[in-house]
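Keep in mind it's a predicted model, so treat the numbers as computed, not measured.
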Amino acid sequence: MRTASPSSTPAAACPSTSKVTYFIFSTYSYFVDKMKHDLIKLSIPELLKTMESFPPPSEPQMVLTLAETAWQQLRRDIIAGVRKPRERLRIERLREAYGIGPSPLREALQRLAAEGLVMAEGNRGFTVTPLDPREFADVTVARIAVEREAIRLSILNGSDDWEAGVASASYLMAKADREVNPGTDQWERANTAFHKAIVAGCGSNWLLRVRDNLHTVAERYRRASVSSANSRRDLAREHADIARAVLARDVTRACDLTAEHYSKTAEELRAFGS
């Protein structure tokens, strides 16, 4: 006795299904059955060739909320100096500049206030946090202490892959030092990647998290310092010396050179602001 397939079931047997829905379901079932039948008839090489013609699955895309987008754009502009220290961040003007509504902008500003990049002033709204050399000196003390420990652990525990990452980041840093001006986006990316590669082998997520927070606060100070026309530093030499010490796994020299490197940035900003 022949069993009826889904595609041959009479519409009357589906009293709760509309004719349109039944037609779509029947058509879909027919083509699925036909595809399976055709694939079964193929030889193994033919089947593999057919499968290669199928489009690859699309990669999952991260969907940013409006608040996340606003936070990223405002943060980038504050760090880059587009939004000047002490600038009043009026919601209406920000809405026109970024094309984002008031609620996501307020959420982004609250997040930036938690990071120390903007200040909430009660009913007066938000302003960009001013550059204070004394604060940067304090941040630098904390950065040096954290960086020393992260470098020490990385050199002691770093694998061959870590060492290769340091070598690669050092090459890109040297290239950026030769070809672009300090403080530009390209140079900043290379500089961030260079110092991050050095501490990547430390094995402590908490240590890296604290370091990243300090890096965020320090970044716009650093941009103001290294992009100053009065700067007389040989940053290429400083980076090269640090890289050599790290790759030689000389803990003491690598830590001392990095501490000196960070301290010079703080000294330049103090001189720049005076």
Discussion item. Can you tell me how far apart OG1 (Thr140) and CD (Glu147) are? Round to the nearest 0.5 Å.
Written reply: 11.5 Å
Item to complete: List the steps and the verdict of side-chain hydrogen bond (donor to acceptor under 3.5 Å, both in side chains) for Asp177 and Trp187.
Response: CA-CA 7 Å; Asp177 280 330; Trp187 187 91; 2.8 Å; yes
Side-chain donor-acceptor distances from residues 77-87 under 3.5 Å, at least two apart:
{"residue": "Asp77", "atom": "OD2", "partner": "Tyr98", "partner atom": "OH", "Å": "2.6"}
{"residue": "Arg83", "atom": "NE", "partner": "Tyr98", "partner atom": "OH", "Å": "3.2"}
{"residue": "Arg83", "atom": "NH1", "partner": "Glu87", "partner atom": "OE2", "Å": "2.8"}
{"residue": "Lys84", "atom": "NZ", "partner": "Gly81", "partner atom": "O", "Å": "3.1"}
{"residue": "Glu87", "atom": "OE1", "partner": "Lys84", "partner atom": "N", "Å": "2.9"}

Practice prompt. Mind checking the CZ-CG spacing from Arg237 to Leu235? Nearest 0.5 Å is all I need.
Written response: 12.5 Å
Without placing hydrogens or testing angles, list every side-chain donor-acceptor pair under 3.5 Å for residues 102-110, not counting sequence neighbours.
none

Discussion item. Test of understanding: clusters of I, L, V, M, F, W, Y form through side-chain heavy atoms closer than 4.5 Å, transitively. Do Ile91 and Phe126 belong to the same one?
Written reply: yes
Discussion item. Please evaluate residues Val139 and Tyr221 with respect to the criterion side-chain contact (heavy atoms from CB on, under 4.5 Å), reporting the C-alpha separation (whole Å), side-chain torsions for both, the decisive distance (0.1 Å), and the verdict.
Written reply: CA-CA 10 Å; Val139 170; Tyr221 283 99; 5.7 Å; no
Worksheet item: With Arg93, which residues qualify under side chain to side chain contact (heavy atoms under 4.5 Å, CB included), at least two apart?
Response: Arg90
Fill in: Contacts of type side chain to side chain contact (heavy atoms under 4.5 Å, CB included), residue Ala259, not counting sequence neighbours
Ile144, Arg148
Worksheet entry | Summary of salt bridge (Lys or Arg N to Asp or Glu O under 4.0 Å) pairs that have at least one residue in residues 134-143, sequence neighbours excluded | Asp132-Arg134
Please tabulate, for side-chain N and O atoms in residues 164-175, each donor-acceptor pair with protein atoms closer than 3.5 Å (sequence neighbours left out).
{"residue": "Ser170", "atom": "OG", "partner": "Val166", "partner atom": "O", "Å": "2.6"}
{"residue": "Lys175", "atom": "NZ", "partner": "Glu179", "partner atom": "OE1", "Å": "3.1"}

Discussion item. Just to verify, what does His261 make a ring-ring contact (aromatic ring centres under 6.0 Å, His included) with, not counting sequence neighbours?
Written reply: His195, His239
Worksheet entry | Verify same cluster id: Val118, Leu66 (apolar side-chain graph, 4.5 Å) | yes
Worksheet entry | Listed once per pair and sorted, the salt bridge (Lys or Arg N to Asp or Glu O under 4.0 Å) pairs that draw on residues 111-120, sequence neighbours left out | Glu68-Arg111, Arg75-Glu115
Worksheet item: Under the side-chain contact (heavy atoms from CB on, under 4.5 Å) criterion, do Thr192 and His215 qualify, and how do the steps go?
Response: CA-CA 9 Å; Thr192 297; His215 174 85; 3.5 Å; yes
Fill in: Pairwise distance CD1(Ile151) to OG1(Thr258) - rounded to 0.5 angstrom
3.5 Å
Fill in: Which residues share a side chain to side chain contact (heavy atoms under 4.5 Å, CB included) with Glu92, sequence neighbours left out
Arg95, Glu96
Worksheet entry | Results of salt bridge (charged side-chain N to carboxylate O under 4.0 Å, His left out) for Glu121 - residues two or more places apart only | none
Worksheet item: Can you hop from Met119 to Leu89 via hydrophobic side chains spaced under 4.5 Å?
Response: no
Worksheet item: Does Glu149 have any side chain to side chain contact (heavy atoms under 4.5 Å, CB included) partners at least two apart in sequence or in another chain, and if so, which?
Response: Arg152, Leu153, Leu207
Discussion item. Using 0.5 Å steps for rounding, measure from the CG atom of Asp212 to the CD atom of Glu219.
Written reply: 11.0 Å
Worksheet item: Any donor and acceptor pair, going by atom type alone, linking the side chain of Ser154 with main-chain N or O of Gly201 inside 3.5 Å?
Response: yes
Item to complete: Taking the side chain as every heavy atom from C-beta outward, state whether Leu112 and Leu74 have any pair of such atoms under 4.5 Å apart.
Response: yes
Worksheet, complete the sentence: SG (Cys202) and CG (Leu208) are apart, to the nearest 0.5 Å, by 4.0 Å
Worksheet item: Rounded to the nearest 0.5 Å, how far does NZ of Lys264 lie from CZ of Arg233?
Response: 6.5 Å
Discussion item. Test side-chain hydrogen bond (donor to acceptor under 3.5 Å, both in side chains) on Ser204 and Arg209; report intermediate values, then the result.
Written reply: CA-CA 9 Å; Ser204 171; Arg209 192 176 303 175; over 6 Å; no
Worksheet item: Step by step, would you call Val180 with Glu188 a side-chain contact (heavy atoms from CB on, under 4.5 Å)?
Response: CA-CA 10 Å; Val180 297; Glu188 283 292 336; over 6 Å; no
Worksheet item: Any link between Phe194 and Tyr262 through a network of hydrophobic side chains (Ile, Leu, Val, Met, Phe, Trp, Tyr) touching at under 4.5 Å?
Response: no
Worksheet, complete the sentence: Here the side-chain hydrogen bond (donor to acceptor under 3.5 Å, both in side chains) pairs for residues 243-254, sequence neighbours left out, are Glu163-Arg249, Asp241-Arg244
Worksheet item: Step by step, would you call Val246 with Trp162 a side-chain contact (heavy atoms from CB on, under 4.5 Å)?
Response: CA-CA 11 Å; Val246 171; Trp162 165 79; 3.7 Å; yes
